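Structure first, commentary second.
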Amino acid sequence: MKKVVPFINAESEFANKVLLRAEQYSHAGADELFIYNYSKMESDREEFIATMKKLEETVDIPFIIGMYVSRFEDIKKAFYTGAYRVVIKYDIMPDKSVLAEAVGRFGQDKLIIEIDSDEPFEKIHFPVDTLLLKHVDTGGPLTKRILSCGKDIVIRDSLLRNDLVELMELPKVMAVSTNYYEDKNIFKVKNNLKAAGIEVNTFSSSKPFSEFKTDEKGLIPCVTQDYRTGEVLMLAYMNEESYNRTLETGRMTYYSRSRDELWCKGDTSGHYQYVKELHIDCDSDTILAKVHQVGAACHTGEYSCFFTELAKRDYIDTNPLTILREDFDVIRERKENPKEGSYTNYLFTKGLDKILKKVGEEASEIIIAAKNPEEDELTYEMADFLYHMMVLMAERGLTWEDITRELANRRR
């Protein structure tokens, strides 16, 4: 599967413009992002790293960082931003031994070496799985060299010419990273690549709309849900045209029964819904859409249209997602608005050293409990540890999103 990977040159852009463009690419259908700043100035590198930390909160697709590396610490900082991979520009790397240290720590699949394609890359042993080649020309000689080097290849090119298909067709080329994608609907670019016989990850339906059970007007209800939290946002209707438009653009497009026309959610308010997943139920008569919601889904300004409670019974919620989030919210509330007699506030008052001491003690209790046959004790101690860990998270300004993003990175 070939990948569409826009690049952003952060050397000549303000941080907010880099973040905005990255977000636009993410919503437009990019598979990954490659963002680089090869400045050798320490201050530039620190600013770039700070921007990349914000990037992880902005986009929900993998991103790759390219930066000047003079020591192992540079690579470590790059990965700590949440980067999926790190690109090292080989010809400006002063100490090549750092590469071996980084491969030993992070793995050869997590590092990419960038080199000009007119350099003898096929004759050099690089301890990584992937090379990034700055494109010079296509044709037989380059193809033979790519095959002989035995590496996966990413090609970086400004693409002033219309040769995207030719580059994607090269064997061993896994992705083409280019600014050609700027201001383009990448879903459409992918469809054009697919039509040319390139295997790419297009947003296509596994079933034709004709297999859905619609009403007499050809409409099918669509339940729309926040892809992160699972919260139900709204209910609307789709016909075949709006369904196909949704697939083409990556933005939820519905059919308005009152106005008798298609409407793309967000065209008026700016509160677009970018599609992550589409599902059909067992009877094929209801669509479930999981989306990234910009702003509020409801015309009233509420995030969800389902904000009016009709009836409720008390119950114990054991959903891990909601319990961990709600408990953490209570802990943060205690930090921001202290409550007399609260043990949580006692820990915050005593400070970081006290919190770290308790985290260490609870970790030890888990080890002891795990050696005993009773599972109840281990359950209790692990819950105790999670509570103190969340206090530490709040003290240091971390969130569950920070932790889960890092866990998600480790799945790749």
Side-chain angles (χ1 to χ4, degrees), residues 1-13 15 17-39 44-45 47-56 58-69 74-75 77-93 102 106 108-117 121 126 128-136 151-160 163-164 167-168 170 172-184 186 189-190 193 200-201 405 409 412:
M1 187 78 70
K2 309 281 185 171
K3 293 182 179 180
V4 170
V5 185
F7 75 68
I8 302 174
N9 181 353
E11 295 171 2
S12 56
E13 298 283 9
K17 190 170 182 180
V18 170
L19 296 174
L20 177 60
R21 186 172 296 172
E23 185 176 24
Q24 291 169 340
Y25 278 139
S26 176
H27 293 326
D31 297 312
E32 297 177 4
L33 295 172
F34 172 44
I35 305 174
Y36 65 89
N37 184 336
Y38 291 121
S39 172
D44 288 348
R45 274 184 285 173
E47 183 179 347
F48 179 57
I49 288 295
T51 302
M52 292 302 94
K53 287 180 179 178
K54 294 178 183 177
L55 177 70
E56 192 187 28
T58 304
V59 303
D60 47 24
I61 60 175
F63 62 93
I64 303 165
I65 288 179
M67 60 182 290
Y68 174 72
V69 171
D74 295 327
I75 300 175
K77 285 183 178 180
F79 276 116
Y80 285 175
T81 66
Y84 167 46
R85 283 173 151 183
V86 173
V87 174
I88 299 171
K89 199 169 184 179
Y90 194 73
D91 60 346
I92 63 172
M93 188 180 190
F106 299 106
Q108 62 187 33
D109 61 322
K110 303 294 282 186
L111 295 164
I112 300 174
I113 289 178
E114 177 174 343
I115 193 166
D116 288 343
S117 61
F121 61 87
F126 296 107
V128 296
D129 293 341
T130 306
L131 298 181
L132 186 149
L133 302 183
K134 288 179 64 178
H135 174 55
V136 176
K151 305 287 185 183
D152 290 336
I153 300 295
V154 175
I155 290 182
R156 175 162 76 88
D157 196 331
S158 293
L159 278 185
L160 300 178
D163 56 358
L164 181 58
L167 292 174
M168 283 287 199
L170 291 174
K172 299 294 289 182
V173 170
M174 299 293 102
V176 174
S177 185
T178 172
N179 57 4
Y180 168 80
Y181 308 123
E182 189 174 345
D183 299 326
K184 288 182 172 59
I186 296 177
V189 173
K190 287 182 175 180
L193 288 170
V200 291
N201 184 20
R405 273 195 297 266
N409 285 336
R412 299 189 186 107

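Everything quoted here is computed from the prediction, not taken from an experiment.
E23 approaches T58 most closely through the heavy-atom pair CB-CG2, 3.7 Å. Closest approach of I64 to V86, counting heavy atoms only: CG2-N, 4.4 Å. Considering all non-hydrogen atoms of both residues, D109 and F106 come closest at OD1-O, 4.2 Å. Contact detail for A78 and A83: the closest heavy-atom pair is O-CB, 3.5 Å. The nearest pair of heavy atoms linking L55 to A22 is CD1-CB, 3.4 Å. Here the closest non-hydrogen pair linking A10 and I35 is CB-CG2, 4.0 Å.
In terms of the side-chain contact (heavy atoms from CB on, under 4.5 Å) criterion, residue partners of D152 (sequence neighbours excluded) are, by chain and number, T130, K172, M174. Y90 pairs by the side-chain hydrogen bond (donor to acceptor under 3.5 Å, both in side chains) definition with nothing, not counting sequence neighbours. Not counting sequence neighbours, the partners of K54 by the side-chain contact (heavy atoms from CB on, under 4.5 Å) test are L19. Considering only residues two or more places apart in sequence or on other chains, Y25 meets the ring-ring contact (aromatic ring centres under 6.0 Å, His included) condition with none of them. Every side-chain contact (heavy atoms from CB on, under 4.5 Å) that E114 has, sequence neighbours left out, goes to F34, Y38, V87, K89, L132, K134, R156. For the ring-ring contact (aromatic ring centres under 6.0 Å, His included) test, no residue two or more places apart in sequence or in another chain qualifies with F121. Considering only residues two or more places apart in sequence or on other chains, Q108 meets the side-chain hydrogen bond (donor to acceptor under 3.5 Å, both in side chains) condition with D129. Partners of A175 by side-chain contact (heavy atoms from CB on, under 4.5 Å), not counting sequence neighbours, listed by chain and number: K3, V5, V154. Not counting sequence neighbours, the partners of E56 by the salt bridge (charged side-chain N to carboxylate O under 4.0 Å, His left out) test are R405. Applying the side-chain hydrogen bond (donor to acceptor under 3.5 Å, both in side chains) rule to K190 yields the partners D31; only residues at least two apart in sequence or on another chain are considered. In this structure F7 satisfies the ring-ring contact (aromatic ring centres under 6.0 Å, His included) test together with Y36, sequence neighbours excluded. Residues forming a side-chain hydrogen bond (donor to acceptor under 3.5 Å, both in side chains) with D44 (at least two apart in sequence, or on another chain): S39.
Considering NZ of K77 and CZ of R45, their distance stands at 8.0 Å, rounded to 0.5 Å. Atoms CG and OG, from L133 and S177 in turn, are 12.0 Å apart once rounded to the nearest 0.5 Å. To the nearest 0.5 angstrom, I155 atom CD1 is 5.0 Å from L170 atom CG. Separation of atoms NE2 (H27) and CD1 (I186) is listed at 12.0 Å; rounding is to 0.5 Å. Taken to the nearest 0.5 Å, the CG atom of N179 stands 8.5 Å off from the CZ atom of R21. With values rounded to the nearest 0.5 angstrom, L131 atom CG is found 6.5 Å from K151 atom NZ.
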TODO: Quick one: do L164 and M168 satisfy side chain to side chain contact (heavy atoms under 4.5 Å, CB included)? Show the steps, please.
DONE: CA-CA 6 Å; L164 181 58; M168 283 287 199; 4.2 Å; yes
Open item on the list: With side chain to side chain contact (heavy atoms under 4.5 Å, CB included) as the criterion, how do V18 and M52 come out once you've worked through the C-alpha distance, each side chain's angles and the decisive distance to 0.1 Å?
Closed with: CA-CA 9 Å; V18 170; M52 292 302 94; 4.2 Å; yes
- [ ] Apply side chain to side chain contact (heavy atoms under 4.5 Å, CB included) to the pair K2 and V200, showing each step before the final yes or no.
- [x] CA-CA 5 Å; K2 309 281 185 171; V200 291; 4.0 Å; yes
Task: Full working for side chain to side chain contact (heavy atoms under 4.5 Å, CB included) between T81 and I49 - done: CA-CA 7 Å; T81 66; I49 288 295; 3.9 Å; yes
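Counting heavy atoms from C-beta outward, F79 and L111 have side chains that approach closer than 4.5 Å. The side-chain heavy atoms of I8 and F63, taken from C-beta on, include no pair separated by under 4.5 Å. The shortest side-chain heavy-atom distance between K110 and Y84 falls under the 4.5 Å cut-off.
By the 4.0 Å N-to-carboxylate-O rule, E32 lies too far from R85 to be salt-bridged with it.
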